[in-house]
Amino acid sequence: MTWSEMEPLLEQACWDTLYMVGWSAVIAVVGGLPLGVLLVLTDRGGVLQNVMVNKVVGQIVNIARSMPFIILMVALISFTRAIVGTTIGPEAAIVPLAIGAIPFHARLVETSVREVDGGLVEAVQAMGGSTWTVVRKVLLPESLPALISSATTTIVALIGYSAMAGTVGAGGLGDLAVRYGYLRFETKLMWITVAILAVVISVIQFAGDLAARGLSHRGRSSVAPRLVLLRGGPSRAGKPAPAPEPEAAPAEIESVEPTKVP
């Protein structure tokens, strides 16, 4: 197979892979982030401690994570057809990709949020902050670099899932590698597909690591404490502290000449 014959196939496969991974990554982050935060809040010692809810949600996440992706795709055929109207193509692959990635991302979010210092949470609660304030002002901002790394790991895993989805008619680079590289013995095309996947994963990992390092350094260089937002709001955070009033000068003691005794 010549390059002129491979080029349109590779271009279409790349767009299909990016389409599947992009939409499923958005859905996985949107669904996994609150689920991971909920697991932290309802755990023992959490702000919303509820052991029963934590165990039920955690067990559901564990069962979903333990299921191989190929089996998950087959099990969700009826559900996928009901959602998108078909079971083949990139649109159909988004449904099992997102469902399989949500519990995976939720566990990564849980691990990231647990690293936040519990003293900050206690300080916010002592100031009268609500649960939403704890999540919005402490848990998410303090764990943001780790959350970026978690999202990067999820995207990289979804690229691997999309290659497996190509084996059952989802399209993309995995489908191209199987149909032409394996079934038609086009070894050159298969290795080009592998090289493209390696480059895409390397670029995504590099961008995610760069963003996480940048946010981490910015957080360490911040001087103003975040908790000041709870006391006076953002408008007071940038005002300089009032200068202390000068102490009154001590009164001068008049010198009195000693009285001479005649």
Side-chain angles (χ1 to χ4, degrees), residues 20-84 87 92-118 120-122 124-125 129-165 167-168 170 208 212:
M20 288 186 292
V21 172
W23 278 108
S24 56
V26 171
I27 298 173
V29 171
V30 172
L33 181 61
L35 190 60
V37 174
L38 179 65
L39 287 171
V40 176
L41 295 178
T42 57
D43 199 5
R44 296 183 185 274
V47 179
L48 300 176
Q49 178 175 333
N50 192 320
V51 179
M52 183 61 65
V53 172
N54 184 269
K55 287 185 177 180
V56 171
V57 175
Q59 193 63 28
I60 294 174
V61 170
N62 291 337
I63 293 174
R65 286 185 60 198
S66 64
M67 187 174 298
F69 180 69
I70 294 294
I71 298 177
L72 181 65
M73 288 191 65
V74 175
L76 293 176
I77 286 179
S78 300
F79 180 74
T80 301
R81 183 183 292 110
I83 296 295
V84 298
T87 58
I94 293 175
V95 177
L97 282 172
I99 293 177
I102 285 175
F104 177 79
H105 186 66
R107 283 300 185 189
L108 295 178
V109 170
E110 179 188 9
T111 304
S112 301
V113 175
R114 286 189 188 278
E115 297 177 358
V116 177
D117 187 6
L120 296 176
V121 177
E122 294 176 0
V124 173
Q125 290 178 309
S130 62
T131 303
W132 173 242
T133 303
V134 171
V135 173
R136 188 167 59 94
K137 297 292 186 181
V138 178
L139 295 181
L140 294 183
E142 293 295 328
S143 61
L144 188 56
L147 291 176
I148 296 294
S149 299
S150 300
T152 304
T153 304
T154 301
I155 295 174
V156 171
L158 280 171
I159 294 176
Y161 290 167
S162 69
M164 287 188 287
T167 61
V168 291

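By convention here, the first residue in the shown sequence is residue 1.
- Using a 4.5 Å cut-off on side-chain heavy atoms (C-beta onward), Thr153 and Phe104 make contact.
- Taken to the nearest 0.5 Å, the CG atom of Leu158 stands 14.5 Å off from the CH2 atom of Trp23.
- Atom CE of Met164 is separated from atom CE of Met73 by 9.5 Å, given to the nearest 0.5 angstrom.
- Listed here is the closest heavy atom pair of Ser162 and Val21: OG-CG2, 3.9 Å.
- The shortest heavy-atom contact between Ala165 and Ala93 is CB-CB, 4.3 Å.
- Each of Leu120, Val134, Thr133 was compared with Gln125 under the side-chain contact (heavy atoms from CB on, under 4.5 Å) criterion, and only Val134 meets it.
- With no hydrogens or angles considered, no side-chain donor-acceptor pair links Ser149 and Thr152 at under 3.5 Å.
- Counting all heavy atoms, side chain and backbone alike, Ile155 lies closest to Ala25 at CG1-CB, 3.9 Å.
- Taking the side chain as every heavy atom from C-beta outward, Leu41 and Val135 approach each other to under 4.5 Å.
- Rounding to the nearest 0.5 Å gives a distance of 14.5 Å between CD1 of Ile60 and NZ of Lys55.
- Looking only at side-chain heavy atoms (C-beta outward), Ile27 and Leu97 stay at 4.5 Å or farther from each other.
- Checking Ser150 against Ser112 by side-chain atom types alone, a donor-acceptor pair falls below 3.5 Å.
- Of all the heavy atoms in Ser143 and Val113, the pair that sits closest is OG-CG2, 4.0 Å.
- In this structure, Phe69 and Tyr161 approach most closely via the heavy-atom pair CE2-O, 3.3 Å.
- Note: Ile94 CD1 to Met20 CE = 8.0 Å, rounded to the nearest 0.5 Å.
- The distance from the CG atom of Leu76 to the CD1 atom of Ile83 is 10.0 Å, given to the nearest 0.5 Å.
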Inset, instruction - Give the intermediate values and the outcome of side chain to side chain contact (heavy atoms under 4.5 Å, CB included) for residues Leu35 and Val109. - result: CA-CA 8 Å; Leu35 190 60; Val109 170; over 6 Å; no
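- Proximity of a side-chain donor or acceptor of Asn54 to a complementary backbone N or O of Asn50 within less than 3.5 Å is not detected.
- In this structure, Gln49 and Asp43 have side chains that are not in contact, with every pair of non-hydrogen atoms separated by 4.5 Å or more.
- Of the options Thr42, Leu139, Thr131, a side-chain contact (heavy atoms from CB on, under 4.5 Å) to Val47 is made by Thr131 and by none of the others.
- Proximity of Val29 to Thr154: side-chain heavy atoms (C-beta onward) are nowhere separated by under 4.5 Å.
- Nearest heavy atom pair, residue His105 against residue Ala28, reads CD2-O, 3.7 Å.
- Side-chain contact between Leu140 and Val37 is present, with heavy atoms from C-beta onward closer than 4.5 Å.
- Remark: the backbone N or O of Arg107 is not paired with any side-chain donor or acceptor of Arg65 at under 3.5 angstrom.
- Residue Thr87 holds its OG1 atom at 14.0 Å from CZ of Phe79, rounded to the nearest 0.5 Å.
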